[in-house]
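Note that ligands are numbered from 1 as they come in the structure, with each ligand's atoms numbered from 1 the same way. When a residue number appears, it is its place in the shown sequence, counting from 1.
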Amino acid sequence: MDVPRQPVTQRQIAEHVQRLAELHPPIPLDSVDRTVHDPARVAARFGYIIDYLARVELEVDRNVVELLRLLPDVDETNKTFYADVWYPQEIQHGLILDRLQTDLGRPAAEPHLDVAVSIRVLGALAHLAPIQEVARLLYLLTGASTERQAVLAYNQLHGGLQEMGETAIATTIIRPIKQQEPGHFAFYQMSATAMLQDKVLRPWQLFLARVLRERTYNVVGTNGLPRYKTAMGRVAIDLGIDADVASYAREIGRVESRLLWAGRQGMECPPYIVAALRESIESYRERAARGLQAA
Ligand SMILES: [Fe+2]
Ligand SMILES: [Fe+2]
């Protein structure tokens, strides 16, 4: 249930960004204790998830290019967020996880750095202010959903590694990473909330945002491409998401349910998120049944 919320001010958002910059410097590579007691066991249980997360974190390089295409007129707060907080943190997550992958005897990540056609098209139209506003809302909703997925994955990974007695990597790799993700989520959530509450978008723009969101929703890291959707299916199974897809979809779709679909019956859990998750899981199962490797 939604509690009534205080309006979010631009000042609060700016202060939040400032706080993140001060409290969460990027994690230095040499701060990490790379001791792994049983690499084969960790790889068997979590290797696939770590590979996936490493790749997605390293794709921040592409995310910045997308951001600049979609939001050419990005304001100071947003600029500070992506340039001074988000990018430097995420790239370290990627580099640290990538090294962990190779420590576990797995191949290094190969981030997908091509900007999608859909982003290029929207980006080409984004010099029109009303379209850029739509793009901005979609960008923020994607950020909120993505960061929430990161928080949930790192929480599970942290708990699982602790349980296995792999305290060094749990405590010096996964814990510091997982502590940085909620601040990113909060930034996107606050920014999207402010846009709706300040009625930045007119009804036709909101309509367009809903249509585009339904048609272009991607689970984190799938990049709209079959091979990554299949890979995500395996990750979803390893994380146990397949046992209750609807609850997970509700978790990662909460911000858009509230902001984009408020007041619509049955939109507590956006059906396009459930569909995207199911598609990934089915795709992996189908390949596994044929005895093929995912991605
Ligand atoms: Fe991250
Ligand atoms: Fe993040």
K.L.:
Hey, which N, O or S atom on E181 ends up closest to the Fe ion (ligand 2)?
P.N.:
OE1

K.L.:
Output yes when E66 and R69 qualify as a salt bridge under the 4.0 Å nitrogen-oxygen rule, no when they do not.
P.N.:
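No.
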
K.L.:
What atom name does the N, O or S atom of E90 nearest to the Fe ion (ligand 2) carry?
P.N.:
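This residue's closest N, O or S atom turns out to be OE2.
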
K.L.:
Of all N, O or S atoms in H184, which has the smallest distance to the Fe ion (ligand 2)?
P.N.:
ND1

K.L.:
Are a donor atom and an acceptor atom from the side chains of Q180 and H93 found within less than 3.5 Å of each other?
P.N.:
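Their side chains do contain a donor-acceptor pair, which is all the 3.5 Å distance test asks for.
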
K.L.:
What is the name of the N/O/S atom of H93 that is nearest to the Fe ion (ligand 1)?
P.N.:
ND1

K.L.:
With a cut-off of 2.8 Å, does any N, O or S atom of E147 fall short of it relative to the Fe ion (ligand 2)?
P.N.:
yes

K.L.:
Following the transitive rule for hydrophobic clusters with a side-chain heavy-atom cut-off under 4.5 Å over Ile, Leu, Val, Met, Phe, Trp and Tyr, establish whether V151 and I49 coincide in one cluster.
P.N.:
no

K.L.:
Between F81 and Y188 (judged by ring centroids, cut-off 6.0 Å), do the two rings come close enough to count as a pair?
P.N.:
yes

K.L.:
Which heavy atom of D114 sits nearest a heavy atom of R62, and at what distance?
P.N.:
O-CD, 3.2 Å

